[in-house]
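To start, the structure under review is shown below, and the notes come after it.
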Amino acid sequence: MIMSLRAPPSSTSSSCSLFPSRRSMHSTSRAMLPLSVAFPTRFVSCSLLQDQVSVDTGAGSKVSDRNELRLGLPSKGRMADDTLDLLKDCQLSVRKVNPRQYVADIPQLSNLEVWFQRPKDIVRKLLSGDLDLGIVGLDIVREYGQGSEDLIIVHDSLDFGDCHLSIAIPKYGIFENINSMEELARMPQWTADKPLRVATGFTYLGSKFMREKGLKHVVFSTADGALEAAPAMGIADAILDLVSSGTTLRENNLKEIKDGIVLESQAVLVASKKSLVHRKGLLDTTHEIIERLEAHLRAVGQFTVVANMRGNSADEVAQRVLSQPSLAGLQGPTVSPVFCKRDGEVVVDYYAIVICVPKKALYKSVQQLRAIGGSGVLVSPLTYIFDEETPRWQELLGKLGL
Ligand SMILES: Nc1ncnc2c1ncn2[C@@H]1O[C@H](COP(=O)(O)OP(=O)(O)OP(=O)(O)O)[C@@H](O)[C@H]1O
Ligand SMILES: O=P(O)(O)OC[C@H]1O[C@H](OP(=O)(O)OP(=O)(O)O)[C@H](O)[C@@H]1O
Ligand SMILES: [Mg+2]
């Protein structure tokens, strides 16, 4: 069974390498090139196989000796701006003194350093104990975390960076009638001598997935981008890459296949378990970050709607509002009397109702309000919705056994 990551014969680089053409590939002896790297003792030991890292986070590793807490954020790429925007929306603006500096702070969170790093390095540094928290795509956590139990997903849906990791094959040639992983695995073309060549940046997840899907003869090559070009260039048969809109695949004559999705991904907040347990102050800071994230992300999808409604009593108005399916709000409507003066007397003809409405259901809600006599409808955005309890915090305590 061939399930290995190999470098082209002439290459000593650990990344950016694609296979030589099929002919030269099969006429060359292709030894695996495991590279081992010695780190200073402060780091946990790693062995590199091309671009992959397997990290020993065994019981012997300790949290490093520092007082500051450290949060890793993406230094570049598509996640970088969205991450800063999200934190800003949670009133956790990152203060960067100099755009070329890799360290910053968040004035609201004392004793926390922000370090800007490449996403894969954030995961590596969480494992080595050099970071405590990080915001990256789940794909990167799973690929570079390699199943380590020291990585804990603290918030699993930060609502940006949505994509999935998927196998894609050409629409043409020998793949024209191949539409599922099962059919791909059954193709007679893949043998020990001529394995299926997959170009990917996700060799750990890729080899695990191929094994699970019963593909015995597979060989991976790595590249840092534009993987979709590899099949047309003749240097790979298939690719394993992130897909969002599907445009890049379509434009390159590639297709996804049934059961070919390895992982659904979006931005997550991830932490080192060791740090959470041992580093003073980290749990409190993490609690505050979770609270702010949850309160903000809940609010993002909702509007506050205020309307006036004629009625005889608050109860009667509430009955009318609750008779409509889109007007229940988060915990039912707030109904308050609107006092006005008529002929020298204070009277109540109207009631103000306040509800939270999902953004998607806004227009339907306004129609339903009008149908039951609502007028003067005011709609405003919400900044935060703080619940009594943060379910993710309870989950985290559970995972930590606290
Ligand atoms: N097309 C996409 N749509 C949405 N999210 C994506 C997409 N591609 C990648 N992502 C998410 O963004 C993260 C960062 O993407 P990526 O590593 O490709 O960075 P980049 O911005 O393209 O920079 P570079 O590839 O040059 O390093 C990925 O790990 C993934 O979680
Ligand atoms: O389904 P789509 O919406 O077309 O997005 C998918 C593309 O986005 C990512 O690449 P990116 O744009 O980050 O470029 P890169 O390959 O240089 O990283 C990914 O690697 C795909 O190529
Ligand atoms: Mg990219």
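One-based numbering, in listed order, for ligands and for the atoms of each. Please read all numbers here as calculations on a predicted model, not as lab measurements.
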_Strictly below 4.0 Å, N to O, side chains only: are Glu294 and Arg298 in salt-bridge contact?_
no
_Those atoms of ligand 1 less than 4.0 Å from some heavy atom in Met79_ = 12 (O), 13 (C), 14 (C)
_Taking every non-hydrogen atom, the tightest pair across Leu196 and Trp190_ = CD1-CZ2, 3.4 Å
*Heavy-atom contacts under 4.0 Å between Arg78 and ligand 1: side chain, backbone, both, or neither?*
both
*Is the closest heavy-atom distance from Arg118 to ligand 1 below 4.0 Å?*
yes
*For ligand 2, which atoms, with element, lie under 4.0 Å from some heavy atom of Thr247?*
1 (O), 4 (O)
_Contact atoms of ligand 1, heavy-atom distance to Ile140 under 4.0 Å_ = 29 (O)
*Give the atoms of ligand 2, by number and element, whose distance to some non-hydrogen atom of Ser245 is under 4.0 Å.*
1 (O), 2 (P), 3 (O), 4 (O)
*Sub-4.0 Å atoms of ligand 2 with respect to non-hydrogen atoms of Asp241*: 19 (C), 20 (O), 21 (C), 22 (O)
*Report the part of Asp162 in contact with ligand 1, treating N, CA, C, O as backbone and CB onward as side chain, heavy atoms under 4.0 Å; options are side chain, backbone, both, neither.*
backbone
*Heteroatom proximity flag, Lys76 to ligand 1, N/O under 3.5 Å*: yes
*What is the minimum heavy-atom distance between Asp259 and Met181, and which atoms define it?*
O-CG, 3.1 Å
*Considering the heavy atoms of Val243, write down every atom of ligand 2 situated less than 4.0 Å from one of them.*
1 (O)
_Pair Arg70 + Asp132, salt bridge at N-O below 4.0 Å_ = no
*Between Arg342 and Asp349, is there a side-chain N and carboxylate O pair less than 4.0 Å apart?*
yes
*Going by the order shown, which atoms of ligand 2 are within less than 4.0 Å of some heavy atom of Gly225?*
16 (O)
*Compare Leu242, Leu249, Asp162 and give the one whose heavy atom is closest to atom 19 (C) of ligand 2.*
Leu242
Sequence neighbours excluded and cut-off under 3.5 Å, please list the side-chain donor-acceptor pairs for residues 362-372, or say none.
{"residue": "Ser365", "atom": "OG", "partner": "Ser326", "partner atom": "O", "Å": "3.4"}
{"residue": "Ser365", "atom": "OG", "partner": "Ala361", "partner atom": "O", "Å": "2.7"}
{"residue": "Gln368", "atom": "OE1", "partner": "Ser326", "partner atom": "N", "Å": "2.9"}
{"residue": "Gln368", "atom": "NE2", "partner": "Ser326", "partner atom": "OG", "Å": "3.4"}

*Arg78 neighbourhood, listing ligand 2 atoms whose heavy-atom distance to it stays under 4.0 Å*: 8 (O), 9 (C), 10 (O), 11 (P), 12 (O), 13 (O)
*Please list, chain by chain and in numerical order, all residues satisfying side chain to side chain donor-acceptor pair (under 3.5 Å) with Thr304, sequence neighbours excluded.*
none
*Near Gly137, which atoms of ligand 1 are under 4.0 Å from a heavy atom of that residue?*
31 (O)
*With distance as the sole test, does Arg279 use its side chain to make a donor-acceptor pair with the main-chain N or O of Arg66 at under 3.5 Å?*
yes
_Pairwise side-chain contact, Val348 with Val338, heavy-atom cut-off 4.5 Å (strictly under)_ = no
*asked:* Under 4.0 Å between a side-chain nitrogen and a carboxylate oxygen: does that hold for Arg124 and Asp121?
replied: yes
_Leu158 side chain near Leu293 side chain, heavy-atom distance below 4.5 Å_ = yes
_Tell me whether the NZ or CZ atom of Lys96 lies within the 45° cone about the ring axis of Tyr102 and under 6.0 Å from its centre._
no
*Side chain, backbone, both or neither: which part of Ala226 comes within less than 4.0 Å of ligand 2 when only heavy atoms are counted?*
backbone
*Within less than 4.0 angstrom of ligand 1, does Gly161 place any heavy atom?*
yes
*Would you say ligand 2 has an N or O under 3.5 Å from any N or O of Glu228?*
yes
*Would you call Lys120 a ligand 1 contact, heavy-atom distance under 4.0 Å?*
no
*Which option out of Ala226, Gly201, Ser75, Gly77 puts a heavy atom nearest to atom 23 (O) of ligand 1?*
Gly77
